Amino acid sequence: MWDTFASGASEVLGVLDREPVHFVDLDRGWSDIPPLYPAVVVGVGSGQRATGGADVALTTMIDPPAPWVSVADLDTARHDLDAAVRASPFAAVTLVQLLRLGAGRLVEEGLALESLSYSVLQGGAEFAQWKAGHSYPSLGEDLQPPVLAEVAGTELSITLNRPDVHNAYNRAMRDALCEALAVAATDTTLSVNIKGNGPSFCSGGDL
């Protein structure tokens with residue numbers, strides 16, 4: 001898996017020198033794309049044939065069979081997709097290769113691939129440019145503990161407790177979560193229930 005990911009990463013890095021999006025007419029037939037093909041493949045057609053492994057398949061058919069996607073106007077949809085991919089080609093190609101490589105893998109392998117892809121994107125120029133164009137309020141230190149833990153009988157209840165930022169995961173939450181889970185690691189009779197305070201369980205890494 002790791003050799004595949006490394007090969008995929010090198011292919012993604014080359015996307016900036018190539019066309020990042022490729023449109024194909026699926027009604028004329030199309031062979032399945034290689035997993036590491038460094039472009040977003042958008043198929044267009046009647047919706048009655050196989051998608052040939054295209055990353056997105058567009059049709060004007062009403063209620064087409066999966067994985068076809070119904071759109072009101074093909075030209076508009078093509079234009080919008082082309083513009084979105086070209087605005088962030090590195091992220092777009094990383095996404096489709098992650099989805100290709102992750103298909104059919106074990107959950108643990110899929111999570112590892114997703115984590116690696118996320119880390120690569122966070123260290124890239126596209127994310128830095130996006131972040132520079134967004135402002136964030138200064139939240140300062142959390143006024144409440146980032147994790148709440150309580151043992152009742154044989155259950156350890158752990159609550160992610162940063163509801164104002166949808167329980168975004170930061171260093172303080174990581175440390176507190178490890179401390180709480182250490183209790184379960186030393187007492188194997190405990191069952192563990194983890195939930196999020198507020199409307200979201202966890203919104204992911206704190207940007």
Side-chain angles (χ1 to χ4, degrees), residues 1-131 133 166 200-205 207:
M1 180 183 74
W2 306 116
D3 290 342
T4 301
F5 178 83
S7 300
S10 65
E11 289 293 333
V12 171
L13 289 173
V15 74
L16 298 180
D17 299 325
R18 311 174 189 177
E19 288 295 303
V21 59
H22 185 63
F23 292 90
V24 295
D25 184 349
L26 294 177
D27 288 339
R28 294 185 178 181
W30 167 256
S31 299
D32 286 355
I33 57 173
L36 301 182
Y37 184 72
V40 178
V41 177
V42 182
V44 179
S46 62
Q48 299 178 352
R49 300 187 61 168
T51 59
D55 299 306
V56 182
L58 305 177
T59 179
T60 55
M61 174 190 287
I62 304 299
D63 296 326
W68 286 90
V69 177
S70 180
V71 297
D73 182 78
L74 288 176
D75 289 337
T76 300
R78 287 182 56 161
H79 175 272
D80 292 346
L81 269 174
D82 184 73
V85 171
R86 291 180 188 279
S88 302
F90 188 73
V93 175
T94 299
L95 169 63
V96 296
Q97 292 204 354
L98 170 63
L99 294 174
R100 296 170 193 163
L101 293 172
R105 291 192 181 273
L106 297 174
V107 172
E108 293 83 358
E109 293 178 337
L111 287 173
L113 285 171
E114 183 175 350
S115 178
L116 289 168
S117 301
Y118 185 74
S119 298
V120 168
L121 290 176
Q122 277 197 313
E126 285 180 10
F127 177 70
Q129 182 178 7
W130 175 86
K131 191 175 180 182
H166 293 269
S200 303
F201 172 69
C202 179
S203 57
L207 298 179

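This is a predicted model, so every value here is computed, not measured.
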Enquirer: What closest approach, in Å, do G47 and T59 show between heavy atoms, and which atom pair accounts for it?
Expert: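 That would be N-OG1, 3.5 Å.
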
Enquirer: With side chain to side chain contact (heavy atoms under 4.5 Å, CB included) as the test, would you mind laying out the steps for R100 and Y37 before giving the verdict?
Expert: CA-CA 10 Å; R100 296 170 193 163; Y37 184 72; 3.9 Å; yes

Enquirer: Can you check side chain to side chain contact (heavy atoms under 4.5 Å, CB included) on V42 and D55, steps first, answer last?
Expert: CA-CA 6 Å; V42 182; D55 299 306; over 6 Å; no

Enquirer: Checking Q122 against K131 for the side chain to side chain contact (heavy atoms under 4.5 Å, CB included) test, could you report, in this order, the C-alpha distance in whole Å, the side-chain angles of both residues, the deciding distance, and whether it holds?
Expert: CA-CA 10 Å; Q122 277 197 313; K131 191 175 180 182; over 6 Å; no

Enquirer: Count the heavy atoms of every other residue, nucleotide or ligand shown that sit under 6.0 Å from CG of D25, and state whether that count exceeds 12.
Expert: yes

Enquirer: Could you check whether any side-chain N or O of T94 sits under 3.5 Å from a backbone N or O of F90, counting only pairs where one atom can act as donor and the other as acceptor?
Expert: yes

Enquirer: Which atom pair, heavy atoms only, marks the closest approach of V85 to P20?
Expert: CG1-O, 3.7 Å

Enquirer: With side chains defined as the heavy atoms from C-beta onward, is the minimum distance between P65 and Q48 less than 4.5 Å?
Expert: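 No, every pair of side-chain atoms sits at 4.5 Å or beyond.
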
Enquirer: Can you check whether M61's main-chain N or O pairs, donor with acceptor, with S70's side chain at less than 3.5 Å?
Expert: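 Looks like yes, one N/O pair under 3.5 Å.
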
Enquirer: Minimum heavy-atom separation for V96 and A39, please, with both atom names.
Expert: CG2-O, 4.1 Å

Enquirer: When rounded to the nearest 0.5 angstrom, what distance separates CG in L121 from CG in L98?
Expert: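 So the gap between those two atoms works out to 9.0 Å.
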
Enquirer: Under a 4.5 Å cut-off applied to non-hydrogen side-chain atoms, are F23 and V41 in contact?
Expert: no

Enquirer: Report yes if some heavy atom in the side chain of V24 is under 4.5 Å from a heavy atom in the side chain of H22; otherwise report no.
Expert: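 Side-chain contact under 4.5 Å: yes.
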
Enquirer: Nearest 0.5 Å, what's the CG-OG distance between L113 and S117?
Expert: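 Between atom CG of L113 and atom OG of S117 there are 6.5 Å.
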
Enquirer: State plainly whether the residues D75 and R78 are in salt-bridge range, i.e. N to O under 4.0 Å.
Expert: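 Not counted as a salt bridge, because no side-chain N and carboxylate O are separated by less than 4.0 Å.
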
Enquirer: With a 4.0 Å cut-off, would you call E114 and R105 a salt bridge?
Expert: no

Enquirer: For A72 versus T60, what's the shortest heavy-atom pair and its separation?
Expert: O-CG2, 4.1 Å

Enquirer: Does the side chain of T76 reach to within under 4.5 Å of the side chain of D80, using non-hydrogen atoms?
Expert: yes

Enquirer: Between W68 and R49, what is the shortest heavy-atom contact and its length?
Expert: NE1-O, 2.9 Å

Enquirer: Can you tell me if H166 and S200 form a side-chain donor-acceptor pair at under 3.5 Å?
Expert: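 Note: H166 and S200 side chains meet the donor-acceptor criterion.
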
Enquirer: Please report the closest heavy-atom contact between T51 and L26, naming both atoms and the distance.
Expert: O-CD2, 3.4 Å

